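A short write-up of the structure that comes next.
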Amino acid sequence: MKCLPISFLILALATATAFAYDPSPLQDICVATNDLNSGVFVNGKFCKDPKQATADDFLFMGFRNPGNTSNPLGSKVTPAFVDQFPGLNTLGISMARIDFAPGGLNPPHTHPRGTEVLVVVEGTLLVGFVTSNQLNNTLFTKVLYKGDVFVFPIGLIHFQLNIGNTYALAFAGLSSQNPGVITIANAVFGAKPPISADVLTKAFQVDKKVVDYLQAQFWYDNN
């Protein structure tokens with residue numbers, strides 16, 4: 001009987017781990033399909049019949065060309081998540097290409113379902129992430145150069161800024177087929193319908209005119 005509480009603890013830890021990240025696949029391949037008549041529902045996407053899969057299902061060519069950085073942020077994120085790359089379904093990984101004009105910013109955002117590891121291919125980036133309230137919202141920041149790698153823990157707010165005078169390029173790997181993206185400014189001031197001004201004025205300790213101004217802005221999504 002003394003082992004019973006320990007058994008429950010082990011079971012609880014195992015269960016928590018199992019639900020913390022994407023479930024492990026139960027088959028070799030599970031190419032995502034929108035044809036509901038030809039698949040089974042697994043990990044958020046229906047799976048194509050494995051016998052119908054081809055090599056093209058596991059090829060993504062969206063990183064061949066630079067992203068268009070002619071926008072207010074001066075950056076462009078090209079995701080290779082399961083929606084763009086069906087062969088990732090059930091594999092628990094994804095990628096993104098991030099192009100930066102000089103001064104370009106990938107603004108503060110979070111990935112609620114994935115840790116991100118970033119490698120700089122060209123240029124110089126100022127990157128950072130902020131811890132939760134538990135660690136007093138501590139900022140960890142670093143200047144990265146070509147070949148440097150930096151990791152952003154799952155769910156934490158992070159950003160990348162091109163501080164060089166030339167174009168910059170980075171690639172990110174993420175620990176989920178569908179890590180999700182919440183861009184902070186867009187979510188807070190660009191919510192539809194808008195978050196109550198009473199909430200935002202008190203939360204940010206600013207005048208309602210400031211909130212009205214921010215909510216009236218066009219919040220560009222660079223994904």
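Everything quoted here is computed from the prediction, not taken from an experiment.
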| query | Within a strict 4.5 Å, meaning less than it, do heavy atoms of the V121 and K146 side chains meet? | reply | no
| said: So T124 and V143, do their side chains get closer than 4.5 Å, heavy atoms only? | reply: yes
| Electrostatic pair D198:K202 at N-O distance under 4.0 angstrom | no
| query | How about F159 and H109: do any of their side-chain heavy atoms sit closer than 4.5 Å? | reply | no
| task | State plainly whether one hydrophobic cluster holds both F81 and V77, where clusters connect Ile, Leu, Val, Met, Phe, Trp and Tyr through side-chain heavy atoms under 4.5 angstrom apart. | result | no
Extract all donor-acceptor atom pairs below 3.5 Å that involve side chains of residues 150-157 and protein atoms in other chains or at least two apart in sequence.
none

| Rounded to the nearest 0.5 Å, how far does OG1 of T78 lie from NZ of K76? | 6.0 Å
| Can you name the closest pair of heavy atoms from A197 and K208 and give their distance? | CB-CE, 3.9 Å
| query | Which atom names give the shortest non-hydrogen contact between A80 and S94, and what distance separates them? | reply | O-CB, 3.4 Å
| query | Would you say N137 and S132 make side-chain contact, with heavy atoms under 4.5 Å? | reply | no
| field | Test item: T131 side-chain N/O and T138 main-chain N/O as donor-acceptor pair under 3.5 Å | value | yes
| field | Closest approach of N162 to A101 (non-hydrogen atoms, all atoms of both residues) | value | ND2-O, 2.9 Å
| request: Walk me through it: do D99 and R97 pass the test salt bridge (Lys or Arg N to Asp or Glu O under 4.0 Å)? | output: CA-CA 7 Å; D99 293 272; R97 171 182 175 138; 2.9 Å; yes
| note | For A168 and L125 the tightest heavy-atom approach is CB-CD2, 4.0 Å
| said: Could you see if V149 belongs to whatever hydrophobic cluster contains I163? Use Ile, Leu, Val, Met, Phe, Trp, Tyr and a side-chain cutoff under 4.5 Å. | reply: no
| task | Find the distance between OG1 (T69) and CG (L105) and round it off to the nearest 0.5 Å. | result | 12.5 Å
| query | Has the side chain of D49 got a donor or acceptor atom that lies under 3.5 Å from a matching backbone atom of K51? | reply | yes
| message | With a 3.5 Å distance limit and no angle check, can you tell me whether Q177 reaches the backbone of T90 through a side-chain donor-acceptor pair? | response | yes
| Taking a hydrophobic cluster as the set of Ile, Leu, Val, Met, Phe, Trp and Tyr residues connected by side-chain heavy atoms closer than 4.5 Å, whether directly or through intermediates, do F63 and Y167 fall within one such cluster? | yes
| Once you round to the nearest 0.5 Å, how far does CG of D83 lie from CG of N89? | 9.5 Å
| query | Below 4.5 Å, heavy atoms only, C-beta onward: do L118 and H158 meet side chain to side chain? | reply | no
| Shared ILVMFWY cluster between F85 and M95, side chains joined below 4.5 angstrom? | yes
| task | Could you grab the distance from atom OG1 of T110 to atom CD1 of I182, nearest 0.5 Å is fine? | result | 4.0 Å
| Connected via hydrophobic side-chain network under 4.5 Å: F129 and V119 | no
| message | Quick one: does any side-chain atom of N65 pair with a main-chain N or O of G62 as donor and acceptor, under 3.5 Å? | response | no
| message | As a quick check of understanding, evaluate side chain to side chain donor-acceptor pair (under 3.5 Å) for S75 and N106, giving each step before the final call. | response | CA-CA 6 Å; S75 71; N106 190 15; 4.8 Å; no
| said: Test your reading of the model: is there a side-chain donor-acceptor pair from N133 to the backbone of N136, 3.5 Å cut-off? | reply: no
| query | Is D148 reaching over with its side chain to a backbone N or O of Y145, donor-acceptor style, under 3.5 angstrom? | reply | yes
| A185 and W219: which non-hydrogen atoms are nearest, and at how many Å? | CB-CZ3, 3.4 Å
| field | side chain to side chain contact (heavy atoms under 4.5 Å, CB included) evaluation trace for L126 with T141 | value | CA-CA 7 Å; L126 171 67; T141 186; 3.3 Å; yes
| field | H111 side chain reached by V181 side chain, heavy atoms, under 4.5 Å | value | yes
| task | Looking only at non-hydrogen atoms, find the nearest pair between G123 and V120 and report the distance. | result | O-CG1, 3.6 Å
| query | Run the side chain to side chain donor-acceptor pair (under 3.5 Å) check on N178 and S176 step by step: do they pass? | reply | CA-CA 5 Å; N178 186 23; S176 170; over 6 Å; no
| request: Decide if atom CD of Q205 counts as having more than 12 heavy atoms of other residues, nucleotides or ligands within a radius under 6.0 Å. | output: yes
| field | Non-hydrogen side-chain atoms of V211 and V206 separated by less than 4.5 Å | value | yes
| task | Say whether, by atom type as modelled, one donor and one acceptor occur between the side chain of Q52 and the main chain of K48 under 3.5 angstrom. | result | no
| Where does the angle between the aromatic ring planes of F218 and Y220 fall among parallel (under 30°), tilted (30 to 60°) and perpendicular (over 60°)? | tilted
| said: With rounding to the nearest 0.5 angstrom, report the CG to CG distance, N222 to N186. | reply: 8.5 Å
| request: Answer yes or no: is there a side-chain heavy-atom contact under 4.5 Å between T201 and D207? | output: no
| query | What is the ring orientation for F189 with F204, classed by angle as parallel under 30°, tilted 30 to 60°, or perpendicular over 60°? | reply | tilted
